[in-house]
Chemist: 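Before anything else, here's the structure in question.
Quick note on labels: first sequence line is chain A, next is B, and so on, each numbered from 1.
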2 protein chains.
Amino acid sequence: MNDRLDRFDLKILDELQKNGRLTNNELADRIGLSPSQCSRRRSRLEVEGYIEGYQAVLDRSRIGLDLLVVISVTLAKQNHDGAKKFARLVNDLPEVIEAYALTGDMDYHLKVAVRNLAELSRFINNVLLPHDSVEHVRTSIVLDVLKRDRGVTLHIT
Amino acid sequence: MNDRLDRFDLKILDELQKNGRLTNNELADRIGLSPSQCSRRRSRLEVEGYIEGYQAVLDRSRIGLDLLVVISVTLAKQNHDGAKKFARLVNDLPEVIEAYALTGDMDYHLKVAVRNLAELSRFINNVLLPHDSVEHVRTSIVLDVLKRDRGVTLHIT
DNA sequence: GGTGAAAACATCCAAGA
DNA sequence: TCTTGGATGTTTTCACC
C-alpha cells in the first residue's frame, strides 16, 4: 500500500495537504531535502496517484453561500435503477458538494450549500422530492463546524 | 457580499477550485486576462479572504485508509460544557476529518477515516464512547462516494 | 540523493487606455 | 481606474555527478 513511501514522501504529502502551493524550495526547507529532490518526489506522487489534485479552498459564506445542510435521503425500493438515476442527479446539482451512499436506513447523505432558507426550500421541494427515485428526505442544518477537512493525518515515523 | 467580484474574479476562483496550482500564465490563458492581472487579482482574493488556502487532495485508500464512515453522535444533556469538551476531543482525534453540529436529534456528525474495521471498532469503543460528553453513537459505513467535494459552483455571468 | 544551468514563472512598476 | 508589457528575481526541471 504505502510501502513505497518513505518518511520524506509522507512529509511532502503532509505539507502539501496543509499548503498545496508550497514551492519546491519551501518544501526543501521544511523536510530537509534539496529542491530538485522535492520536485522529483512530488511529481512521482502525482503520477502514481497519491496526490489526486490541488484545490483552492474558498470561504463559502464570503460568496453568499451561508447555509450548509446535511440531507439524509431514502430511495424508493421498487425502482431498481433508482440508485443510478440518483447518482446522476446529485452529480448534476450544483448545490450538492458531497454525496455518499451509506449502510443503514437513511441510505444517502448529501452535503449541500445554499444561499438561504428560501433556496433550501426550493431545492428540497422543487428539485429533490419530485425526483422518481427519492422516497423521503430529512434535512439537518449545520449549526457549527467543529472541524474542517484539512486532509488526513499521516503517521510519519 | 460578492459585489466586489466581477466575472474575472469568479472565473479565477472557479479555475483555482479545479486546480489550485494553476500558474498565472495558465490562468491568463483560461480567463482571457494578462498574467500580471491574474497575479494581482489572485493575491487580492487571498488577502481579502475569498481564498482561505490551497490543499493537496490525497487518495486516501492509496495510503491505507480504506474505510470512510459517518458517525452520528448524541451528547449527554446534563453536562453543560460537554459541547466544548466534545469540540476539543474531535479536534484532537486524527481519525476525524470533519465534524459538524447539526439541528435535530442526532446532534453531531463526524466524518472519519480509518484503516479497517478493527481500527473503527477501537476508535468507537476505546476513544469515542468512553468520553464523558458522549451519550450515544450510530455508525454508518460509506459504501460509495457519489460526489466528491470539488468546491462550490460559482454562477458566472 | 545533490548540483548547476536553461527555461518558465511570479511579481512589480511605469505607462497607456 | 483598470489594464498591459517588460524588467527582475524566483522557481522548476533536466542532464549529469
Chemist: Could you tell me the separation between the CG atom of A/Leu22 and the C1' atom of C/dC9, rounded to a whole number of Å?
Modeler: 17 Å
Chemist: Under 3.5 Å between N/O atoms: give me all the protein pairs with nucleotides 11-17 of chain C, atom names plus distance.
Modeler:
{"residue": "C/dT11", "atom": "OP2", "partner": "B/Ser39", "partner atom": "OG", "Å": "3.2"}

Chemist: Which angle, to the nearest 10 degrees, lies between the helix axes at the two ends of the helix from C/dG1-D/dC17 to C/dA17-D/dT1, each defined by five pairs?
Modeler: 30°
Chemist: If you look only at pairs with a residue in residues 23-37 of chain A, which of them pass as a salt bridge (Lys or Arg N to Asp or Glu O under 4.0 Å), with sequence neighbours excluded?
Modeler: A/Glu15-A/Arg30
Chemist: Are any of the side-chain heavy atoms of B/Leu128 and B/Leu110 separated by less than 4.5 Å?
Modeler: yes
Chemist: I'd like to check the side-chain contact (heavy atoms from CB on, under 4.5 Å) partners of A/Arg122; sequence neighbours left out, ordered by chain and number.
Modeler: A/Glu95, A/Glu119, A/Asn126, A/Val127
Chemist: Could you report the tightest heavy-atom contact between A/Thr103 and B/Thr139, atom names first, then the distance?
Modeler: OG1-O, 4.5 Å
Chemist: In whole angstrom, what separates A/Asp9's CG from C/dG1's P?
Modeler: 9 Å
Chemist: Only one of A/Arg42, A/Arg40, A/Arg44 clears salt bridge (charged side-chain N to carboxylate O under 4.0 Å, His left out) with A/Asp9; which?
Modeler: A/Arg44
Chemist: Run the side chain to side chain donor-acceptor pair (under 3.5 Å) test against B/Asn25 and tell me which residues pass, sequence neighbours left out.
Modeler: none
Chemist: Nearest 0.5 Å, please: how far is CG in B/Leu68 from CG in B/Asp144?
Modeler: 11.0 Å
Chemist: If you assign A/Leu33 and A/Arg21 each to the DNA chain C nucleotide with the nearest heavy atom, which residue ends up on the more 5' nucleotide?
Modeler: A/Leu33
Chemist: Round to a whole Å and report the spacing from CZ of A/Arg41 to P of D/dT12.
Modeler: 16 Å
Chemist: Per the side-chain hydrogen bond (donor to acceptor under 3.5 Å, both in side chains) rule, what does the pair list look like for residues 145-157 of chain B, sequence neighbours excluded?
Modeler: A/Glu52-B/Arg148
Chemist: If I take atom CD1 in residue B/Ile31 and atom P in nucleotide D/dC2, what distance separates them, rounded to the nearest angstrom?
Modeler: 15 Å
Chemist: Given atom CD of A/Glu26 and atom P of D/dT10, what is their separation to the nearest angstrom?
Modeler: 13 Å
Chemist: For the pair made of CG in A/Asn25 and P in D/dT12, what is the distance, rounded to whole Å?
Modeler: 6 Å
Chemist: Short question: side chain of A/Asp14, backbone of A/Leu10 - any donor-acceptor pair under 3.5 Å?
Modeler: no
Chemist: Nearest whole Å is fine: how far is D/dT3 P from B/Arg7 CZ?
Modeler: 10 Å
Chemist: Rounded to the Å, how far apart are B/Ile12 CD1 and D/dC2 P?
Modeler: 14 Å
Chemist: Looking at the side chain of A/Ser34, which of D/dT4, C/dG1, C/dG2 is the nearest nucleotide?
Modeler: C/dG2
